[in-house]
Amino acid sequence: MKVLVVGAGGREHALVWKLAQSPHVTKIWCAPGNAGIAQERVGQSLTECVGIGAEDLPALLEFARQNKPDLTVVGPDNPLAIGIVDLFQGAGLRIWGPNRKAAQFEASKAFSQAFMEKYGIPTAKSGTFSEAAAAKDFADKLHGCCAVKADGLALGKGVIICASMSEARTAIDEMLVGNKFGAAGSRVVIQELLQGMEISLHAICDGKAAKIFPTSQDHKRIGEGDTGLNTGGMGAYSPTPFLNEKELAAVGRMILSPWLKGCAAEGIDYRGILYPGVMLTESGPKVLEFNARFGDPETQVYLPRMETDLYEVLDASVNGTLNRLELRWRPEVAVCVVMASAGYPADYAKGKPITGLDEAARLPDVKVFHAGTAVADGQIVTNGGRVLGVTAWAKDLATARMKALDAVSRIQFDGAQFRRDIAAKGI
Ligand code: AMP
Ligand code: GLY
């Protein structure tokens, strides 16, 4: 089978790496890919990176028409939100990921919130507003302790956590009056602030059924001890110790049973990953948001642990045959430490030479996933905010983290930042 993977980050590197291990897969293209993806071997040949952006749907369609992949696998949220799946299906091409209607779970927080309330999925108390005055009245009832969320996709920056009414007023005005996030912020969802342990859940769905993955946890802040600015994610681990198998199954049922019922009632044919961000509160689990794709860096810890052939998983998700597939996981736990550019998540420079990658790659039980990397003058250089996701696996989290940090210590680029405390809550 020939596979086209769409995207360029650590998540897509993990997808390519895992797909390349499948005996079904004979050829992989990645659009646009990165320097690490281009080094992944599929049998005798290398993955072919093609210079088409993940959001350039006409060029992706043209490429697929000419090269005829048996399956296209979509990594990021934006192409899903703008309808890559509908476009490919309309052209008779097989593609994995939710269609535009289904991708609304991520593309519109107002849609998700209304859906959760209608179908009884546990979530935060909330209101949806397009008028600043009404939004402020609602925030006032929460004494300003709230999360103000832009309705649409905002590059992961559309959530402002407020601890006072003056912060809430500023956040509401920025979005609804100042148009800070453009159309994405012309409606806001305001949620009560929830306290508890935040985890990531993933479920693979096939339009009828959903199978839950083990738990994982991301680390959104740039600084150790969860301090500083929010990022795309500075590291992850799986599984977490916060839910045992029975509890995970129960939480899965609480969220996924009403969600599947709601999808059936609303005519939503969801084939892809549903990734709920969940707060484990004193009064039970509550969904903060839904994503309609694999998490990044969660994918970098899930796929090294996945025993089942990923091609078979995605194929069953497209075909609607997940009930015949068993998801199996290795007993080892995995920790991913992200290495980011100096200055990230604010402005950062690109083009810094990266050394030590070969040495790190020789370590056992380690895989270095590339996120923002490119090749310049024959040398691998930085090309993004998050540069590498250094993943290691072992029998316990402390050992896995030690191995990941050992690998990190072999890799150098100017100003590299990373957190030494990934998985601390789980250890
Ligand atoms: P989201 O993109 O909706 O997941 O929000 C980004 C981050 O903000 C989440 O990962 C949480 O850490 C935090 N957050 C979002 N909503 C809430 C909430 N209602 N209560 C507490 N923290 C929240
Ligand atoms: N792990 C954060 C995200 O993928 O949105």
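In listed order, ligands and their atoms are each counted from 1. Computed from a predicted model, the values in this text were never measured in an experiment.
Using a 4.0 angstrom heavy-atom cutoff, G233 does not count as in contact with ligand 2. The closest approach between a heavy atom of Q195 and any atom of ligand 1 is not below 4.0 Å. Using 4.0 Å as the threshold, M279 has a heavy atom nearer than that to some atom of ligand 1. At least one heavy atom of G232 sits closer than 4.0 Å to an atom of ligand 2.
With a 4.0 Å heavy-atom cut-off, ligand 2 is reached by the side chain of R293 but not by its N, CA, C or O. When non-hydrogen atoms are compared, ligand 1 lies under 4.0 Å from the side chain of V159 (C-beta onward) but not from its backbone.
Pairs passing the salt bridge (Lys or Arg N to Asp or Glu O under 4.0 Å) check and including a residue from residues 47-56, sequence neighbours excluded, read K27-E48.
Residues passing the side chain to side chain contact (heavy atoms under 4.5 Å, CB included) test with S238 are P214, S216, V301, Y302, R305, sequence neighbours excluded.
Atom 21 (C) of ligand 1 is flagged as protein-proximal [any protein heavy atom, distance under 4.0 Å].
Ring centroid separation for the pair F129 and F138 comes in under the 6.0 Å cut-off.
With hydrogens and angles disregarded, a donor-acceptor distance shorter than 3.5 Å links the side chain of D151 to the backbone of K109.
Which parts of ligand 2 touch G295 is read off a 4.0 Å heavy-atom cut-off, strictly below it: atoms 4 (O).
The N/O atoms of E298, backbone and side chain alike, include one that comes under 3.5 Å of an N/O atom in ligand 2. Backbone and side-chain nitrogen or oxygen atoms of D218 are examined, and one is located within less than 3.5 angstrom of a nitrogen or oxygen of ligand 2.
Of the protein's non-hydrogen atoms, L288 CD2, 3.6 Å is the one closest to atom 18 (C) of ligand 1.
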